[in-house]
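Everything below concerns the one structure shown next.
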Amino acid sequence: MTTLAQDPPYESYEPSGEPWGRPEGYATHDVTNQPPPLAPYDASDDTVLLEGVRREGAGWAEDGLRRLGRRAGSAEAQDWGDLANRHEPVLRTHDRYGNRVDEVEYHPSWHHLMRVAVGEGLAGAPWADERPGAHVARTAGGLVWGHTEAGHGCPTSMTYAAVPALRAQPELARVYEPLLTSREYEPGLRTPTDKRGLLAGMGMTEKQGGSDVRTNTTTATATAEPGVYTLRGHKWFTSAPMCDVFLVLAQAAGGLSCFLVPRVLPDGTRNTFRVQRLKDKLGNRSNASSEPEFDGTVAWLVGPEGQGVKTIIEMVNCTRLDCVMASATLMRKTLVEAGHHVRHRTAFGARLVDQPLMRNVLADLALESEAATTLTLRLAGAADRAVRGDAGEAAFRRIATAVGKYWVTKRGPAFTAEALECLGGNGYVEESGMPRHYREAPLLSIWEGSGNVNALDVLRALGRSPAAAQALFGELSLARGADARLDAAADRLRAGLTEASETGARRLVELMALTLQASLLVRHAPPAVADAFCATRLGGDWGHAFGTLPDTADLDGILARALPGEG
């Protein structure tokens, strides 16, 4: 974001050449009643975040998060985020001689962001870290570093998510996993095993089916070499085409299967990966999303033939958590921006932050942000413990991640719009950064399964895995008796499961999400936060827009927690 500059000293001259000074009343460009730049600030200065990190077993990472938070909020890093979105990726299909190269050029700011993200362990590093809480620490790092910009979180997320899927083929994992879990960012297409670190992408959807990947038409033909195939087809939405390797789905003789596709083959030659075009997206502009064409493309089978969805679903579970994380990050970032603005802006004789109705809006947003962050870290804790063999946490993760993906990402656009409105017309101007956040918000509800896909996935989990429902209600039982409104909501939820239908899936999953968030806040948040959340989200004492908390809500207590120093 840019800073408003003061005009240079005004000087004018009479015909004689003598300066006669600035005319009275001509000072039309004096800047008053505008907030100073937010940066530098500490993006980790978030009580909810730090409490959650300790609670979920990653307290050892706090010093690193603090350091990363200061870097994320620095003027330099904030400029990187701005520049990476202003100077969008450019596709180069051919070199000057006419040779096919299929490369995407990024602004240097993109590489600066990526280098920090990978170096701080926000890509595949947790899979090589045996410390309990390593996956929680990574999620917390994303909640902090995401204050810069969201687009570069796509390749780091897919790289993180590729590791458990790749383990379905141990011989491939032995070669690639050490490079995918590296903290070295080394851009450029070269032989994968000659690099110090790799990035992974994912190619699932095709134009005729979208999320219905079983209708994919890309074909996989076995070669004489065991486990090696050639692919032919056209993918519809493949992000970060300059990643080194991709997990893709294609139809083999045994059915839909998962394959590893490197951009550069082991002998150093380019694999066929023709990037037909880059998507002209609403947001997420810094990140290139492409349509690649495969034609004789060499690929290695990952997992058994016909088990492609089962194999790659491990990747989807991870990226869905990252969608929840990114939405919670956007909420926190825009809340911080709004809080900073209203602290320094005066209207109608008082600072905006001191005006009761504005405080209601901010407090309502703060409740939503705290609930999103708390749930995100609980999901990360479940993922961490599931990886380490906890079957109960694995069952909870199975259903709660889909619930969180549906609800938190669905709340993001409305939240971001309200935070933008706190800045008034200033928030509608690109230089404020808020329009970029607003364009980003809908993406997270769409990617990795839109709202309907995730809501139906929750029903599927309930039908196929009794342990998933047991895990959810086991979690809710931990807050039983603490709040009558929460108890009533849990009872409604249990009754609703007996009548679950596809038509009512969204309504059911929404109740699951709100009940789960409320139970976490009742257990872990101060009474001011928990009471206001239960009264509004579960008790019905709320309007249909943010800023409609009841008069009984402790606005001061909520804001003192959410925006320290901003009250």
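To the nearest 0.5 Å, atom CG of residue Leu559 and atom CG of residue Leu335 are 8.5 Å apart. The CG atom of Leu198 sits 12.0 Å away from atom CD of Glu177, with the distance rounded to the nearest 0.5 Å. Between Tyr428 atom OH and Tyr438 atom OH the span is 8.0 Å, to the nearest 0.5 Å. Atom CG of residue Asp42 and atom NE2 of residue His147 lie 9.5 Å apart, to the nearest 0.5 angstrom. Between the OH atom of Tyr406 and the OG atom of Ser450 there is a distance of 10.0 Å, given to the nearest 0.5 Å. Here Leu91 contributes atom CG and Glu88 contributes atom CD; the two are 13.0 Å apart, rounded to the nearest 0.5 Å.
Of the possible donor and acceptor atoms, none in the side chain of Thr536 sits under 3.5 Å from a partner among the backbone N and O of Leu549. Side chain of Asn271 to backbone of Val264: no donor-acceptor contact under 3.5 angstrom is found. In this structure a side-chain-to-backbone donor-acceptor pair under 3.5 Å is present from Arg320 to Glu448. Counting only distance, with no hydrogens or angles, the side chain of Thr156 and the backbone of Gly153 share a donor-acceptor pair below 3.5 Å.
Taking all atoms of both residues into account, the shortest heavy-atom contact from Gly73 to Ala43 is N-CB, 4.5 Å. Considering all non-hydrogen atoms of both residues, Met325 and Gly142 come closest at SD-CA, 3.7 Å. Taking each heavy atom of Asn287 and Trp447 in turn, the nearest pair found is ND2-CH2, 3.8 Å. In this structure, Ala288 and Val104 approach most closely via the heavy-atom pair CB-CG1, 3.9 Å. Heavy-atom minimum distance, Arg55 versus Thr374: NH2-CG2, 3.7 Å. Across Ala347 and Gln355, no two heavy atoms sit closer than the pair O-NE2, 2.7 Å.
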Go through the steps to decide whether Leu49 and Leu377 satisfy the test side chain to side chain contact (heavy atoms under 4.5 Å, CB included), and finish with yes or no.
-> CA-CA 8 Å; Leu49 169 73; Leu377 291 169; 4.2 Å; yes
Test salt bridge (Lys or Arg N to Asp or Glu O under 4.0 Å) applied to Glu76 and Arg71, step by step = CA-CA 8 Å; Glu76 179 183 50; Arg71 190 166 192 187; 5.1 Å; no
Give the intermediate values and the outcome of salt bridge (Lys or Arg N to Asp or Glu O under 4.0 Å) for residues Glu62 and Arg54.
-> CA-CA 8 Å; Glu62 187 170 334; Arg54 298 176 199 127; 2.9 Å; yes
Audit row: Trp80, His107, ring pair (Phe, Tyr, Trp, His ring centres under 6.0 Å) steps and yes/no = CA-CA 9 Å; Trp80 289 344; His107 189 269; over 10 Å; no
Do Arg277 and Glu291 pass the salt bridge (Lys or Arg N to Asp or Glu O under 4.0 Å) test, and can you show the C-alpha distance, the side-chain angles, and the key distance before you say yes or no?
-> CA-CA 6 Å; Arg277 62 172 176 167; Glu291 293 178 33; 2.5 Å; yes
Determine, stepwise, if the pair Val324 / Trp407 fulfils side chain to side chain contact (heavy atoms under 4.5 Å, CB included).
-> CA-CA 9 Å; Val324 181; Trp407 182 244; over 6 Å; no
Determine, step by step, whether Val245 and Val261 satisfy the side chain to side chain contact (heavy atoms under 4.5 Å, CB included) criterion, reporting the C-alpha distance in whole Å, the side-chain angles of both residues, the deciding distance to 0.1 Å, and the verdict.
-> CA-CA 5 Å; Val245 296; Val261 175; over 6 Å; no
Are Glu430 and Arg439 close enough, and set up right, to give a salt bridge (Lys or Arg N to Asp or Glu O under 4.0 Å), and what steps lead you there?
-> CA-CA 11 Å; Glu430 287 291 340; Arg439 289 192 297 270; 2.8 Å; yes
Test side chain to side chain contact (heavy atoms under 4.5 Å, CB included) applied to Met204 and Phe237, step by step = CA-CA 8 Å; Met204 295 177 62; Phe237 224 111; over 6 Å; no
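Counting only N and O atoms by type, the side chains of Asp457 and Asn454 include no donor and acceptor under 3.5 Å apart. One side chain, Lys281 or Ser289, offers a donor N or O that lies under 3.5 Å from an acceptor on the other. Side-chain contact check for Gln276 and His234: no donor-acceptor pair (N or O, by modelled atom type) lies under 3.5 Å. Between the side chains of Trp145 and His152, at least one donor-acceptor pair of N or O atoms lies under 3.5 Å. Between the side chains of Asn452 and Arg506, at least one donor N or O sits under 3.5 Å from an acceptor N or O. Side-chain contact, Tyr41 with His340: no donor N or O sits under 3.5 Å from an acceptor N or O. Side chains of Ser286 and Glu149: a donor-acceptor N/O pair is present below 3.5 angstrom, by distance only.
For the pair Arg378 and Phe396, the cation sits on the ring face: its NZ or CZ lies under 6.0 Å from the ring centre, inside 45° of the axis.
Ion pairing between Glu51 and Arg561 holds under the 4.0 Å rule for side-chain N and carboxylate O. A salt bridge between Glu103 and Arg92 is absent, with no side-chain N of the basic residue lying under 4.0 Å from a carboxylate O of the acidic one. Comment: Arg86 engages Asp82 in a salt bridge, judged by a side-chain N to carboxylate O separation of less than 4.0 angstrom. We find that Asp322 and Arg138 are joined by a salt bridge, their nearest charged nitrogen and carboxylate oxygen being less than 4.0 Å apart. Electrostatic pairing of Glu293 and Lys235 does not count as a salt bridge here, judged by no charged N lying under 4.0 Å from a carboxylate O. Taking a cutoff of 4.0 Å between a charged side-chain nitrogen and a carboxylate oxygen, Asp364 and Arg537 qualify as a salt bridge. With salt bridges taken as basic N to acidic carboxylate O contacts below 4.0 Å, none links Lys333 and Glu440. Ion pairing between Asp354 and Arg351 holds under the 4.0 Å rule for side-chain N and carboxylate O. Between Lys195 and Glu184 there is no salt bridge, since none of the side-chain N atoms of the basic residue sits less than 4.0 Å from a carboxylate O of the acidic one. The residues Asp280 and Arg285 are annotated as salt-bridged, a charged nitrogen and a carboxylate oxygen being separated by less than 4.0 angstrom. Between Arg70 and Asp45 there is no salt bridge, since none of the side-chain N atoms of the basic residue sits less than 4.0 Å from a carboxylate O of the acidic one.
Taking the side chain as every heavy atom from C-beta outward, Thr346 and Leu352 never approach each other to under 4.5 Å. With a 4.5 Å cut-off on side-chain heavy atoms, Arg263 and Asp244 do not count as touching. Side-chain contact check for Pro164 versus Cys318: some heavy-atom pair is nearer than 4.5 Å. Arg270 places none of its side-chain heavy atoms less than 4.5 Å from the side chain of Asp102. Looking only at side-chain heavy atoms (C-beta outward), Arg397 and Leu379 stay at 4.5 Å or farther from each other. Put simply, the side chain of Asn317 does not reach to within 4.5 Å of the side chain of Leu321, judged on heavy atoms. In this structure, Asn360 and Thr548 have side chains that are not in contact, with every pair of non-hydrogen atoms separated by 4.5 Å or more. Residues Pro292 and Arg274 form no side-chain contact, since every pair of their non-hydrogen atoms from C-beta on lies 4.5 Å or further apart.
For Phe246 and Phe273, the distance between ring centers is under 6.0 angstrom. Between His87 and Tyr106, a ring centre-to-centre spacing not shorter than 6.0 Å is recorded.
Within 6.0 Å of CD on Glu421 lie no more than 12 heavy atoms contributed by other residues, nucleotides or ligands.
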